[in-house]
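Remarks on the structure that follows.
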Amino acid sequence: MITISGKTIAEKIFSAHSGTDARAADIVIADVDFVMGQDGTSPLAIRALANMGVEQVFDPEKVALVIDHSSPSPIEGVSALHTMMREFGARTGVRVYDIGEGVCHQVVPEHGHVVPGDLMVGCDSHTCTYGAVNVFSTGVGSTDGAAAMASGKLWFRVPDTMKVTYTGEIQPGVFSKDLVLYLAGKIGVDGATYEAIEFHGPVIDALSVDARMTISNMAIEVGAKAGLMKADEKTLAWYAGRSPRTPAPVDPDADAVYASEIEIDASAVGPQIAKPHAVDNVSPIEDVEGTPIAQGFVGTCTNGRLEDLAIAAEILGGRRVHPDVRFIVAPASKQIYLDAMVAGYIQTLVEAGAAVVTPGCGPCVGTHNGVPSDGENVISTANRNFKGRMGNSNAFIYLGSPATVAASVIEGKITDPRKYFG
Amino acid sequence: MELRAKAFKYGDDINTDYIISGKYKFKSADMEAMAVHAMEDLDPDYYQKVKPEGGFLVAGRNFGMGSSREQAPLVLIHSNTRAVLAKGFARIFYRNAINTGLPVVECDTDLIDDGDELLVDLHSGVVRNITKGTEIPFAPLPAVMEQLLADGGLVEHFKKHGGFDL
């Protein structure tokens with residue numbers, strides 16, 4: 001008797017989008033529900049479309065470009081690329097989210113462009129973020145993006161899946177960022193190359209959608225193609241009013257076959273720090289406490305959401321940023337900026353000494369808005385600490401949670417945030 | 001297709017910021033101008049060394065980890081890098097390389113030293129190390145990728161077939 005095993009989330013989404021019985025390692029041509037590009041990658045995609053001889057996209061409603069990486073433009077070369085994107089939008093009917101709208105990975109789900117069960121590609125590696133809302137989303141290059149914009153299709157290798165289950169209970173002062181940094185330290189930067197990850201367990205269920213996105217966002221940092229979670233009532237509530245489409249949540253089958261399974265006891269995980277210059281160079285915060293810092297940064301597609309700003313504001317309320325530290329805050333989107341203003345977080349952070357910059361990616365990718373100086377240490381909520389990442393290869397980037405960054409900018413050195421959560 | 005050149009060897013986990021830093025990538029769409037900065041933070045002389053005669057970039061595990069920037073394979077192509085040989089590749093870089101026409105070879109690079117003269121036979125799946133007189137076999141590309149490389153990349157594939165024909 002032949003037993004056909006069940007399917008993972010990835011296998012189900014690829015089956016539904018390719019019209020085949022898709023299994024891990026199959027190569028399929030699948031329909032994509034949405035295609036996104038940002039200002040670092042869209043110009044090459046627009047050029048590839050022109051080289052293909054393609055003048056219109058397959059469906060202007062299913063494509064968007066976001067100006068976020070150098071936004072507003074810091075130099076004339078970038079201004080020309082932004083103009084190219086705006087002209088493409090005017091010509092094709094594709095929506096261009098211009099300066100100030102926010103980081104693409106916040107803008108796309110926030111505006112309801114994807115819903116649970118979708119398959120989407122974005123010309124940015126952190127496109128895996130929307131796995132947190134049950135979308136198979138993955139980063140591709142500009143030429144792949146152009147092919148998807150032209151045809152509404154792309155070829156994919158259906159990935160194997162690693163199942164990561166967080167058990168126990170997250171401790172006070174510890175956040176989803178710490179949980180995902182711990183995973184990176186455990187499996188390494190190529191621990192899940194070519195694979196999808198499914199995140200499960202009571203700890204994930206208990207997290208907000210904002211906090212879940214932090215985890216899925218960093219799936220790429222261990223080489224994964226996607227970082228998928230089930231859709232639950234929180235996911236569906238988050239989507240209320242955002243999209244006219246009906247979400248089609250996809251759960252894995254109980255007998256799905258996983259390439260590997262990892263269980264992490266969240267109760268035993270404290271604040272984590274990724275040290276220079278690799279995301280898997282992770283230590284418990286105790287090992288690096290006291291390291292002096294010159295700059296702190298809260299923002300990015302990893303940790304620039306409302307909950308992150310709330311955590312920072314809670315710690316910094318009535319306190320001051322250390323006089324020797326610059327503290328930069330970039331809300332992940334205009335909507336988050338507005339919500340944070342109404343909630344009073346922006347006022348609290350600015351009064352404490354923060355410099356709030358335009359929603360976008362600038363400080364994290366080294367284009368502008370906070371390039372560190374030679375020899376300086378930076379503590380950041382971003383997802384990458386590669387050498388040169390923030391624009392200076394002689395600087396040192398430490399990654400942590402928004403709470404860790406907030407606690408550290410007060411004291412001018414890396415500081416355990418748990419004392420504020422006693 | 002046979003390619004012959006000298007090996008320029010580097011280590012594991014070479015990320016896309018090393019291949020081309022974000023601070024350059026966002027400034028321009030001129031790949032010739034950007035290519036002089038290829039691999040700069042890891043080896044400031046990379047472009048000077050490879051450009052005149054061409055070369056193979058040889059690395060360890062997880063080459064091309066990090067961002068989706070297609071400028072990474074493009075600056076390597078424009079710096080006269082004929083192929084990248086590594087023990088393994090990050091998936092977005094791997095796709096981008098094939099889509100833009102940069103051959104990528106997954107093989108045991110411990111058997112190659114910096115400066116070795118190599119002959120890479122992409123069709124039969126073998127790296128001949130002329131300096132050492134050894135051969136390193138590698139698995140051929142899956143059919144879909146071979147077809148794309150044979151067409152000259154994804155853009156040429158689309159021009160030829162009017163869409164996906166794989």
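Keep in mind it's a predicted model, so treat the numbers as computed, not measured. Below, chain A is the first sequence line, B the second, and so on; all start at residue 1. Hydrogens, waters and symmetry mates are skipped; everything else that's a heavy atom, side chains included, is used.
- Each of I220(A), D280(A), N392(A), V140(A) has some count of heavy-atom pairs under 4.5 Å with chain B, and the biggest count is that of V140(A).
- Summarising the geometry of G141(A) relative to I92(B), their closest heavy-atom pair is N-CG2, 4.1 Å, with the distance given to 0.1 Å.
- The environment of K6(B) atom NZ is sparse: at most 12 non-hydrogen atoms of other residues, nucleotides or ligands sit within 6.0 angstrom.
- Between G22(B) and T367(A) the shortest heavy-atom distance is O-CG2, 4.5 Å.
- Contacts between V144(B) and chain A at a heavy-atom distance below 4.5 Å involve the side chain alone, from C-beta outward.
- Between K387(A) and D41(B) there is no salt bridge, since no side-chain N of the basic residue sits under 4.0 Å from a carboxylate O of the acidic one.
- Between the side chain of E70(B) and the backbone N or O of A45(A), no donor-acceptor pair lies under 3.5 Å.
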Give the intermediate values and the outcome of side-chain contact (heavy atoms from CB on, under 4.5 Å) for residues V155(B) and R47(A).
CA-CA 10 Å; V155(B) 167; R47(A) 189 189 280 177; over 6 Å; no
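- Heavy-atom pairs under 4.5 Å with chain B peak, among K225(A), R389(A), R157(A), at K225(A).
- Considering every non-hydrogen atom in both I27(A) and P142(B), the closest pair reads CD1-CB, 4.2 Å.
- Under a cut-off of 6.0 angstrom, the local environment of CD in E55(A) is sparse, with at most 12 non-hydrogen atoms contributed by other residues, nucleotides or ligands.
- With rounding to the nearest 0.5 Å, the separation of CE in M390(A) from CG in D17(B) is 12.0 Å.
- Looking at T138(A), only its side chain comes within 4.5 Å of chain B, counting heavy atoms on both sides.
- A distance of 4.5 Å separates CE in M31(B) from CG in L44(A), rounded to the nearest 0.5 Å.
- S142(A) touches chain B through backbone and side chain together, each having a heavy atom under 4.5 Å away.
- Crowding of R82(B) atom CZ: a count of heavy atoms from other residues, nucleotides or ligands under 6.0 Å exceeding 12.
- Within 6.0 Å of the NZ atom in K132(B), the count of heavy atoms belonging to other residues, nucleotides or ligands exceeds 12.
- The residue among N62(B), T16(B), D13(B), L74(B) with the most heavy atom pairs within less than 4.5 Å of chain A is N62(B).
- With a 4.5 Å cut-off on non-hydrogen atoms, L49(A) does not touch chain B at all.
- For the options I29(A), V54(A), D144(A), heavy-atom pairs under 4.5 Å to chain B are most numerous at D144(A).
- R61(B) is not listed as a side-chain neighbour of T193(A), based on a closest heavy-atom distance of 4.5 Å or more.
- Across all their heavy atoms, S125(A) and S68(B) have their closest contact at N-OG, 3.4 Å.
- Heavy-atom minimum distance, L154(B) versus A147(A): CD2-CB, 3.6 Å.
- For F89(B), the parts sitting under 4.5 Å from any heavy atom of chain A are the backbone and the side chain alike.
- Pairing each heavy atom of W155(A) with each of R95(B), the nearest pair is O-NH2, 2.7 Å.
- Contact of L42(B) with chain A is not made at all, since no heavy-atom distance falls under 4.5 Å.
- F386(A) places none of its side-chain heavy atoms less than 4.5 Å from the side chain of Y18(B).
- Chosen from N383(A), T127(A), L154(A), V279(A), the residue pairing most often with chain B at heavy-atom distances under 4.5 Å is L154(A).
- Heavy-atom pairs under 4.5 Å with chain A peak, among M65(B), E40(B), R91(B), at R91(B).
- Only one option out of T100(B), N96(B), L148(B) pairs with T143(A) in a side chain to side chain contact (heavy atoms under 4.5 Å, CB included); it is T100(B).
- For R384(A), the part sitting under 4.5 Å from any heavy atom of chain B is the side chain, from C-beta outward, and nothing else.
- If you measure heavy-atom distances from P73(B) to chain A, you find no contacts under 4.5 Å at all.
- Contact of the D12(B) side chain with the D190(A) side chain is not registered, since no non-hydrogen atoms from C-beta on lie closer than 4.5 Å.
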